[in-house]
Amino acid sequence: MAILVSGCDGGGRNEPANSPAAALPSASPAHETPAPTGDSQASDSPEYVVVMLGDSLTAGFGLAPADALPEQVEALLLEASPEIDVINAGVSGDTSAGGLARYDWSVGSAKPDLLVIALGANDYLSGVDPERTRTNIAAIIERAQSSRIDILLVSVSPRSSAEDDPKAAEFAAIFRELATTYDVGLYEGLVDKIQDRPELLLQDGLHPTAEGVKVIAAPLAEAITHYIPQR
């Protein structure tokens with residue numbers, strides 16, 4: 001298994017995957033985070049609200065706002081379920097600590113029905129202790145559950161083998177452990193279908209193109225539909 005780095009670069013640059021800048025992203029301070037966005041925010045009272053809390057893969061690094069993952073997921077959900085609002089709470093370069101630090105502003109203020117947590121890749125790239133990552137994501141889960149928010153945890157998808165990088169296996173295990181401990185949904189392999197297809201990746205070889213986002217948005221949207229009450 002090999003570690004996902006596709007949602008990680010935080011400097012607003014398209015740099016080669018083997019460059020130092022691409023390997024060591026810088027997390028954005030919480031006070032600089034952009035306001036959460038969602039294509040259907042114009043709706044006065046959406047019946048179901050989803051917040052996607054993540055890094056550059058969620059934020060839509062290198063893409064037009066409408067091509068970002070949350071917006072594409074929302075477009076798919078709206079085809080079957082009107083009055084759905086998927087809020088983009090992604091920040092390029094963000095770590096699990098950054099996501100926890102901005103929880104009240106990015107998640108709590110939106111009062112979502114479902115929280116999709118897609119953090120951890122930058123922790124791995126930055127050399128964060130896996131136990132610290134586990135603690136941070138657990139704290140996010142606990143805060144959401146205390147507000148009766150459903151949770152879908154998106155795992156870091158491994159790329160390198162455990163033999164080559166034992167820490168990769170430690171990070172991969174975090175998400176399954178947390179999903180079991182807190183009895184929350186787990187979505188694995190978010191970028192598996194595109195990580196070996198250069199035509200669906202930006203020049204950095206890490207982040208998806210607009211077409212790549214469409215490929216990964218469809219199965220994620222399908223997973224989210226299981227949380228939406230049927231009418």
Side-chain angles (χ1 to χ4, degrees), residues 4 7 30 33 36-38 40 46-59 68-74 76-77 81 83-91 94-124 128 130-158 170-192 216-230:
L4 164 70
T33 60
T37 60
S40 63
E47 295 182 3
Y48 196 85
V49 176
V50 180
V51 168
M52 293 187 62
L53 182 68
D55 49 37
S56 58
L57 187 60
T58 300
L69 182 60
E71 283 70 21
Q72 289 299 307
V73 167
E74 178 182 88
L76 292 168
L77 293 175
S81 304
E83 301 300 327
I84 299 291
D85 190 8
V86 180
I87 297 175
N88 188 339
V91 173
D94 216 359
T95 61
S96 62
L100 176 59
R102 62 187 175 89
Y103 179 91
D104 287 340
W105 188 82
S106 294
V107 181
S109 62
K111 302 185 185 306
D113 300 285
L114 174 67
L115 172 62
V116 178
I117 305 172
L119 292 164
N122 286 319
D123 295 53
Y124 170 79
V128 174
E131 187 57 39
R132 174 53 56 188
T133 300
R134 180 185 288 102
T135 299
N136 290 335
I137 296 179
I140 293 172
I141 292 173
E142 290 174 3
R143 294 187 70 170
Q145 289 186 329
S146 70
S147 298
R148 300 181 181 279
I149 299 170
D150 286 332
I151 296 163
L152 178 60
L153 186 60
V154 177
S155 73
V156 172
S157 184
E170 292 184 61
F171 269 89
I174 289 172
F175 302 91
R176 291 180 181 177
E177 293 172 5
L178 289 174
T180 299
T181 299
Y182 290 97
D183 192 24
V184 300
L186 176 63
Y187 185 89
E188 298 185 280
L190 179 62
V191 298
D192 283 0
I216 65 177
L220 179 58
E222 175 63 26
I224 290 174
T225 60
H226 296 292
Y227 291 84
I228 301 173
Q230 300 299 310

Exercise. What's the verdict on side-chain contact (heavy atoms from CB on, under 4.5 Å) for Leu152 and Val50, showing C-alpha distance, side-chain angles and the deciding distance?
Worked result: CA-CA 10 Å; Leu152 178 60; Val50 180; over 6 Å; no
For this session: Just jot down the salt bridge (charged side-chain N to carboxylate O under 4.0 Å, His left out) partners of Glu131, sequence neighbours excluded, or say none.
Result: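 With sequence neighbours excluded, Glu131 shows a salt bridge (charged side-chain N to carboxylate O under 4.0 Å, His left out) to Arg134, given in chain and number order.
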Exercise. Is Tyr103 close to Ile140 at the side-chain level, that is, under 4.5 Å between some pair of heavy atoms?
Worked result: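 Ile140 vs Tyr103: side chains touch.
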Problem set entry | Val73 side chain near Val116 side chain, heavy-atom distance below 4.5 Å |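 No, their side chains stay 4.5 Å or more apart.
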[X] side chain vs [Y] backbone, donor-acceptor pair below 3.5 Å:
X	Y	answer
Asn122	Asp94	yes
Asp55	Leu119	no
Asn88	Thr58	yes
Thr95	Gly98	yes
Thr181	Leu178	no

Just verifying a value: how many Å separate [X] [atom1] and [Y] [atom2], rounded to the nearest 0.5 Å?
X	Y	atom1	atom2	result
Leu115	Met52	CG	CE	10.0 Å
Ile216	Leu69	CD1	CG	5.0 Å
Asp183	Leu186	CG	CG	12.0 Å
Ile228	Glu83	CD1	CD	12.0 Å
Leu153	Glu177	CG	CD	11.5 Å
Leu77	Ile224	CG	CD1	5.5 Å

Exercise. With sequence neighbours left out, what residues match Asp150 under side-chain hydrogen bond (donor to acceptor under 3.5 Å, both in side chains)?
Worked result: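 Partners of Asp150 under the side-chain hydrogen bond (donor to acceptor under 3.5 Å, both in side chains) test: none.
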For the student: nearest non-hydrogen atoms of [X] and [Y], plus distance:
X	Y	result
Pro70	Val86	O-CG1, 3.5 Å
Ser96	Asp123	OG-OD2, 2.5 Å
Pro130	Glu170	CG-OE1, 3.6 Å
Ala217	Gln72	CB-CB, 3.9 Å
Ala223	Tyr187	CB-CD1, 3.7 Å
Leu114	Tyr48	CB-OH, 3.4 Å

Exercise. Does the side-chain contact (heavy atoms from CB on, under 4.5 Å) test come out yes or no for Val107 and Arg143, once each step is laid out?
Worked result: CA-CA 10 Å; Val107 181; Arg143 294 187 70 170; over 6 Å; no
Problem set entry | Derivation and outcome, side-chain contact (heavy atoms from CB on, under 4.5 Å), residues Ile151 and Gln145 | CA-CA 8 Å; Ile151 296 163; Gln145 289 186 329; 3.7 Å; yes
Exercise. In this structure, which one of Val91, Leu53, Ile87 forms a side chain to side chain contact (heavy atoms under 4.5 Å, CB included) with Ser106?
Worked result: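 Checked Val91, Leu53, Ile87 against Ser106; only one passes side chain to side chain contact (heavy atoms under 4.5 Å, CB included): Leu53.
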For this session: Apply the test side-chain contact (heavy atoms from CB on, under 4.5 Å) to residues Phe175 and Ile137: give CA-CA distance (whole Å), side-chain angles for both, the deciding distance (0.1 Å), then the verdict.
Result: CA-CA 9 Å; Phe175 302 91; Ile137 296 179; 3.8 Å; yes
